[in-house]
Peer 1: 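My questions will all concern the structure given below.
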There are 2 protein chains.
Amino acid sequence: MTDTILKKCEAKGLRMTGQRRVIAGVLETAHRDHPDVEALYAKVTEIDPRISIATVYRTVKLLEESGILIRNEFADGRARYETADREHHDHLIDLSTGKVIEFCEPEIEALQEKLVKKLGYKIRFHRLEIYADPIDSNKTD
Amino acid sequence: MTDTILKKCEAKGLRMTGQRRVIAGVLETAHRDHPDVEALYAKVTEIDPRISIATVYRTVKLLEESGILIRNEFADGRARYETADREHHDHLIDLSTGKVIEFCEPEIEALQEKLVKKLGYKIRFHRLEIYADPIDSNKTD
DNA sequence: CTATCTGCAAAGGTTTTGCGGGCTG
DNA sequence: CAGCCCGCAAAACCTTTGCAGATAG
């Protein structure tokens, strides 16, 4: 799965307009930052200032519905996007910088499964976010 | 901590207006449902129809800042409140009914701590939400 | 050529806030 | 009686959408 976002869009048969190509290109380089729409819009308009924010909203929604992007909502209340081409993972948010670190902890997943089953349920999806500060940066406690 | 919400407010020195007493009373009976503001407003206006939704918003915010309430944001995008007088716990949301089940899994917490430490961070807070369906469709509480 | 897409601006849903009058302590 | 609080309505914030013109395939 090393295809570019553009290739995946074409593979899904999405009509590739100039605007969507620009947005796909920006996502290609920015998706590791989990950008929100405002951040995407800023980069997109550097490339083509005529693209509207409505188109960015419509495009990320389309890509999410096509299974190409994943929408995250962290504690800041805005939607943040990443590509859907990796294994399931959870997120650690660095409170000092806002940086998002992905992690995967199969043991935690297994414990969740076990617990939920015991409660008589079947997991559809879950989200785990850890908000943390670096150990060696200035501490407030 | 079996104090009533009203008592906790008084203990914090909050000015107890008629509106705040009504809201505290509603929370007293409803906090296990993790109600959102709209739900609180509906019950509050049954008791006193002149109370405005702005006051409900202001009051839950005040109670949160006072450490009496905890604000949760589940996948529906609205803020939902519970009392802050219990142990830390996470949430399972029953997708078929919207019911919220609290659970506590010390093993998961321990694994989180270990992992975050390994990444060079210190946890400030975290949230874990599991969205699930009942295995067996007749479950009433 | 036509169904789909775009930009614009208006509207949607949730939450906050400025104002002038009202109430608590 | 001073200062905080209330109701109202407007605004803030993020996101969606109706419309009429533009464009991909």
Side-chain angles (χ1 to χ4, degrees), chain A residues 5-27 34-42 44-66 68-81 98, chain B residues 5-27 34-42 44-66 68-81 98:
Chain A
I5 293 170
L6 175 57
K7 278 200 163 61
K8 284 182 205 153
C9 290
E10 288 168 343
K12 299 263 179 192
L14 301 181
R15 179 182 287 194
M16 290 316 288
T17 63
Q19 292 91 333
R20 288 183 184 174
R21 282 171 205 279
V22 170
I23 295 167
V26 166
L27 281 165
H34 300 72
D36 58 28
V37 170
E38 191 180 0
L40 289 173
Y41 179 60
V44 159
T45 49
E46 274 178 30
I47 298 171
D48 182 349
R50 293 165 309 175
I51 298 177
S52 81
I53 199 165
T55 296
V56 180
Y57 272 107
R58 280 192 272 235
T59 302
V60 291
K61 186 174 205 177
L62 175 73
L63 297 188
E64 188 205 352
E65 287 165 358
S66 303
I68 296 170
L69 289 184
I70 289 174
R71 177 205 297 245
N72 294 114
E73 280 180 52
F74 302 149
D76 61 9
R78 284 171 292 185
R80 298 170 159 275
Y81 291 88
Chain B
I5 293 171
L6 174 58
K7 276 199 163 62
K8 284 182 204 154
C9 290
E10 288 169 343
K12 298 264 180 193
L14 301 180
R15 180 183 287 193
M16 291 317 287
T17 64
Q19 291 91 332
R20 290 184 181 173
R21 282 171 205 279
V22 170
I23 295 167
V26 166
L27 281 166
H34 300 72
D36 58 27
V37 169
E38 191 180 0
L40 289 173
Y41 179 60
V44 159
T45 50
E46 273 178 31
I47 298 170
D48 182 349
R50 294 164 308 173
I51 297 179
S52 82
I53 199 166
T55 296
V56 180
Y57 272 107
R58 280 192 270 237
T59 302
V60 290
K61 185 173 207 180
L62 175 73
L63 297 189
E64 188 204 354
E65 288 165 356
S66 304
I68 295 170
L69 289 184
I70 290 174
R71 176 205 299 245
N72 294 113
E73 280 180 52
F74 302 149
D76 61 7
R78 283 171 293 184
R80 296 169 160 277
Y81 292 88

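Lettering follows sequence order; numbering is per chain, from 1. Here the structure is a predicted model, which means the values were calculated and not measured.
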Peer 1: Answer yes or no: is there a side-chain heavy-atom contact under 4.5 Å between B:Tyr41 and B:Ile51?
Peer 2: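 When only atoms from C-beta onward are counted, B:Ile51 and B:Tyr41 do not touch, as no gap falls below 4.5 Å.
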Peer 1: Nearest to the side chain of B:Gln19, which nucleotide is it out of C:dC8, D:dG7, C:dT15?
Peer 2: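 Taking heavy atoms from C-beta onward, the closest nucleotide is D:dG7.
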Peer 1: Between D:dC13 atom C1' and A:Arg78 atom CZ, what is the distance in whole Å?
Peer 2: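 Taking atom C1' of D:dC13 as the reference, CZ of A:Arg78 is at 10 Å.
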Peer 1: So, is A:Thr17 near the phosphate of C:dT4, with a side-chain N or O under 4.0 Å from OP1 or OP2?
Peer 2: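 A:Thr17 to C:dT4 OP1/OP2: no side-chain N or O under 4.0 Å.
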Peer 1: If you only use heavy atoms from C-beta on, which nucleotide in C:dG25, D:dA24, D:dG7 is closest to the side chain of B:Thr55?
Peer 2: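 So the side chain of B:Thr55 is nearest to D:dG7.
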Peer 1: What's A:Arg50 touching, base or sugar-phosphate or nothing? Going by heavy atoms closer than 4.0 Å.
Peer 2: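 A:Arg50: backbone/sugar contact only, no base atoms under 4.0 Å.
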Peer 1: Would you kindly give the CG-to-P distance between A:Leu62 and C:dA3, to the nearest whole Å?
Peer 2: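 Interatomic distance, CG of A:Leu62 to P of C:dA3: 19 Å.
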Peer 1: Taking CZ from B:Arg58 and P from C:dG18, how many angstroms apart are they, rounded to a whole number?
Peer 2: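 Atom CZ in B:Arg58 sits about 10 Å away from atom P in C:dG18.
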Peer 1: Using every non-hydrogen atom in the two residues, find where B:Met16 and B:Cys9 come nearest and quote the distance to one decimal.
Peer 2: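 That closest heavy-atom pairing would be SD-CB, 3.5 Å.
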Peer 1: Looking only at side-chain atoms of B:Met16, point me to the closest of C:dG25, C:dC5, D:dT16.
Peer 2: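 Minimum distance to the B:Met16 side chain belongs to C:dG25.
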Peer 1: Let me spell it out: for each of A:Gly18 and A:Lys61, pick the nucleotide of DNA chain D with the closest heavy atom. Which residue's pick is nearer the 5' end?
Peer 2: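 Its nearest nucleotide being more 5', the pick is A:Lys61.
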Peer 1: Which nucleotide, C:dT6, C:dA9, C:dT15, lies nearest any side-chain atom of A:Ala54?
Peer 2: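 Given the options C:dT6, C:dA9, C:dT15, the side chain of A:Ala54 is closest to C:dA9.
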Peer 1: Quick one, B:Ile23 and B:Ile5 - any side-chain contact, counting heavy atoms below 4.5 Å?
Peer 2: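 When only atoms from C-beta onward are counted, B:Ile5 and B:Ile23 do not touch, as no gap falls below 4.5 Å.
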Peer 1: Whole angstroms only, please: what is the CG-P distance between B:Asp76 and D:dT15?
Peer 2: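 Result: 15 Å.
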Peer 1: Any chance CD of B:Glu38 has more than 12 other-residue heavy atoms, nucleotides or ligands included, within less than 6.0 Å?
Peer 2: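 Count not over threshold, so no.
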Peer 1: Round to a whole Å and report the spacing from CZ of B:Arg21 to P of D:dC6.
Peer 2: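 Rounded to the whole Å, the gap is 12 Å.
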Peer 1: Quick one: on DNA chain C, does A:Ile51 or B:Leu14 contact a more 5' nucleotide (nearest heavy atom)?
Peer 2: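 The answer here is A:Ile51.
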Peer 1: Round to a whole Å and report the spacing from OH of B:Tyr41 to C1' of C:dG13.
Peer 2: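 So the OH-C1' distance, B:Tyr41 to C:dG13, works out to 16 Å.
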Peer 1: Side chain of B:Arg20 only, please: which of D:dC6, D:dT16, C:dT16 is the nearest?
Peer 2: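 Closest nucleotide among those given: D:dC6.
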Peer 1: Of the candidate nucleotides C:dC8, D:dC8, D:dC14, which contains the atom at the shortest distance from the side chain of A:Tyr57?
Peer 2: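 Selected nucleotide: D:dC14.
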Peer 1: Using heavy atoms to find the nearest nucleotide of DNA chain D for A:Glu38 and A:Arg15 separately, return the residue whose nucleotide is more 5′.
Peer 2: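 Mapping each residue to its closest nucleotide by heavy atoms, the 5'-most match is A:Glu38.
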Peer 1: Compare all side-chain heavy atoms of B:His34 with those of B:Asn72 and state whether any distance is below 4.5 angstrom.
Peer 2: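 Yes, at least one pair of side-chain atoms sits under 4.5 Å.
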Peer 1: In whole angstroms, how far is the P atom of D:dC6 from the CD1 atom of B:Ile53?
Peer 2: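 It is 14 Å, rounded to the nearest whole Å.
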Peer 1: Starting at atom CZ of A:Arg71, determine the distance to atom C1' of D:dT16, rounded to an integer number of angstrom.
Peer 2: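 For the pair A:Arg71 CZ and D:dT16 C1', the rounded distance is 11 Å.
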